[in-house]
K.L.:
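Below you'll find the structure I mean.
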Amino acid sequence: MILFVTDSHCYFDVINEQIEYAENSLGLFISCVIHLGDFGIYKSQLNDFFIRKGKRFKRPLYFIDGNHEDFNALPKLVTKYKDFFTYLPRSSVNRIEGYRFLSLGGTAYMDSMNTQHGSVITDQQIEKCLSIPRDNVDIIITHDCPSGIGVPNTRGLEYYGETGFHRSSELKDHF
């Protein structure tokens, strides 16, 4: 069984705790973890967990980026730590546990104070997704929600406009 988690924000021990809970308390065997953004691609935190403390995840971990990662260092860091986790680039299809996942990390633009440039889902990434034949994708995974569905319990986000990434309806219609 695949365990989906999100928004761990560099608290990597929590991921192992979730695996243990699913297996020990719920009796489920977890084959791998897919992290849906805000994993925590930051040099010092990765070094601390994997190198200094010598820790690893209890199961293979795949992740898409969110809006809280070091986007300038992301390519270098995912290469350096490739033995510990697998990055699923935006607009790519990846086969995991027999499913074909279309990965679309990132988020919609909110404002310049809260949204890193590298986190924004671009029209080019949407176009690349739309160029993939519908029969080549089983599941779309993204950090942001589709526009129009809202985000419950997020009072204050309405200040930035409608939640969700633009053009999400095109992906829904295509796939």
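Each residue takes its place number in the sequence, starting with 1.
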K.L.:
With heavy-atom distances below 4.5 Å as the criterion, would you say the side chains of F29 and E23 are in contact?
P.N.:
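Answer yes - side chains close enough.
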K.L.:
What is the distance from atom OG1 of T6 to atom CD1 of I34, rounded to the nearest 0.5 Å?
P.N.:
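It comes to 12.0 Å.
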K.L.:
Hey, any chance I141 and F175 share a hydrophobic cluster, counting ILVMFWY side chains that come within less than 4.5 Å of each other, even indirectly?
P.N.:
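No.
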K.L.:
Distance from R59 atom CZ to L3 atom CG, nearest 0.5 Å?
P.N.:
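R59 CZ to L3 CG: 10.5 Å, rounded to 0.5 Å.
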K.L.:
Do you know which two heavy atoms are closest between Q125 and S91, and how far apart they sit?
P.N.:
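That would be O-OG, 2.9 Å.
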K.L.:
Any chance the side chains of H68 and D7 put a donor and an acceptor closer than 3.5 Å?
P.N.:
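No, no side-chain donor-acceptor pair sits under 3.5 Å.
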K.L.:
Measure from the side-chain N and O atoms of E69 to the backbone N and O of F39, and report whether any donor-acceptor pair falls under 3.5 Å.
P.N.:
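Checking the backbone N and O of F39 against the side chain of E69, a donor-acceptor pair under 3.5 Å is found.
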K.L.:
Counting distance only, does the side-chain N/O of D38 pair as donor-acceptor with the main-chain N or O of N67 below 3.5 Å?
P.N.:
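The answer is yes, because a donor-acceptor pair under 3.5 Å joins these two groups.
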K.L.:
So, for D65 and H143, which heavy atoms are closest and what is the spacing to 0.1 Å?
P.N.:
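That closest heavy-atom pairing would be O-CB, 3.8 Å.
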K.L.:
Under 4.5 Å between any side-chain heavy atoms of E127 and R167, yes or no?
P.N.:
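When only atoms from C-beta onward are counted, R167 and E127 do touch, with a gap below 4.5 Å.
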K.L.:
Checking side-chain contact (heavy atoms from CB on, under 4.5 Å) for the pair H166/I126: CA distance, chi angles, key distance, verdict?
P.N.:
CA-CA 9 Å; H166 77 288; I126 297 289; 5.5 Å; no
K.L.:
Please answer whether the main-chain N or O of D144 pairs with a side-chain N or O of T107 as donor and acceptor at a distance below 3.5 Å.
P.N.:
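It does not hold such a pair.
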K.L.:
Step by step, would you call L171 with F165 a side-chain contact (heavy atoms from CB on, under 4.5 Å)?
P.N.:
CA-CA 11 Å; L171 292 178; F165 65 96; 3.8 Å; yes
K.L.:
I'd like to know if the side chain of T142 reaches the main chain of L104, judged simply by a donor and an acceptor atom lying under 3.5 Å from each other, with no hydrogens or angles considered.
P.N.:
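Yes: the side chain of T142 pairs with the backbone of L104.
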K.L.:
Report yes if some heavy atom in the side chain of K172 is under 4.5 Å from a heavy atom in the side chain of P146; otherwise report no.
P.N.:
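No, side chains not in contact.
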K.L.:
Shared ILVMFWY cluster between I2 and F57, side chains joined below 4.5 angstrom?
P.N.:
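No, separate clusters.
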K.L.:
Considering non-hydrogen atoms only, spot the tightest contact between I96 and F101 and give its length.
P.N.:
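What the structure gives for the nearest pair is O-CE1, 3.6 Å.
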K.L.:
Please give me the minimum heavy-atom distance between R90 and V120, naming the atom from each residue.
P.N.:
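So the minimum-distance heavy-atom pair works out to NH1-O, 3.0 Å.
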K.L.:
Are any side-chain N or O atoms of S31 and backbone N or O atoms of M1, one a donor and one an acceptor, separated by less than 3.5 Å?
P.N.:
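Yes, because the side chain of S31 sits within donor-acceptor range (under 3.5 Å) of the backbone of M1.
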K.L.:
Could you measure the distance from the SG atom of C10 to the CD1 atom of I41? Nearest 0.5 Å is fine.
P.N.:
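Interatomic distance, C10 SG to I41 CD1, rounded to 0.5 Å: 8.0 Å.
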K.L.:
Please give me the minimum heavy-atom distance between S103 and N94, naming the atom from each residue.
P.N.:
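Closest approach of S103 to N94: OG-ND2, 3.3 Å.
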K.L.:
Could you go through the ring pair (Phe, Tyr, Trp, His ring centres under 6.0 Å) check for F49 and Y42 one step at a time?
P.N.:
CA-CA 11 Å; F49 186 80; Y42 294 100; over 10 Å; no
K.L.:
Could you list the donor-acceptor pairs under 3.5 angstrom formed between side-chain atoms of residues 71-85 and any protein atom two or more places apart in sequence or on another chain?
P.N.:
unit_1, atom_1, unit_2, atom_2, d
T79, OG1, P75, O, 3.0
Y81, OH, N47, N, 3.3

K.L.:
To check you understand the geometry: which heavy-atom pair defines the closest contact between F12 and G40, and what is its length?
P.N.:
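Looking at all heavy atoms of both residues, the closest pair is CZ-O, 3.4 Å.
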K.L.:
Can you tell me which residue pairs pass the side-chain hydrogen bond (donor to acceptor under 3.5 Å, both in side chains) test with a partner in residues 129-138, sequence neighbours excluded?
P.N.:
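Qualifying pairs, neighbours excluded: R100-D138.
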K.L.:
If Ile, Leu, Val, Met, Phe, Trp and Tyr residues are connected whenever their side-chain heavy atoms lie under 4.5 Å apart, and connections chain through other members, are I139 and F4 in the same group?
P.N.:
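Yes, I139 connects to F4 through the hydrophobic network.
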K.L.:
Do the charged groups of D70 and K43 touch, with an N to O distance under 4.0 Å?
P.N.:
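Judged by the 4.0 Å cut-off on N to carboxylate O distance, D70 and K43 do not form a salt bridge.
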K.L.:
F63, L88: one ILVMFWY side-chain cluster at the under-4.5 Å cut-off?
P.N.:
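Result: no, two separate clusters.
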K.L.:
Does one hydrophobic cluster hold both L36 and V137, with members joined at side-chain heavy-atom distances below 4.5 Å?
P.N.:
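No: no chain of side-chain contacts under 4.5 Å links L36 to V137.
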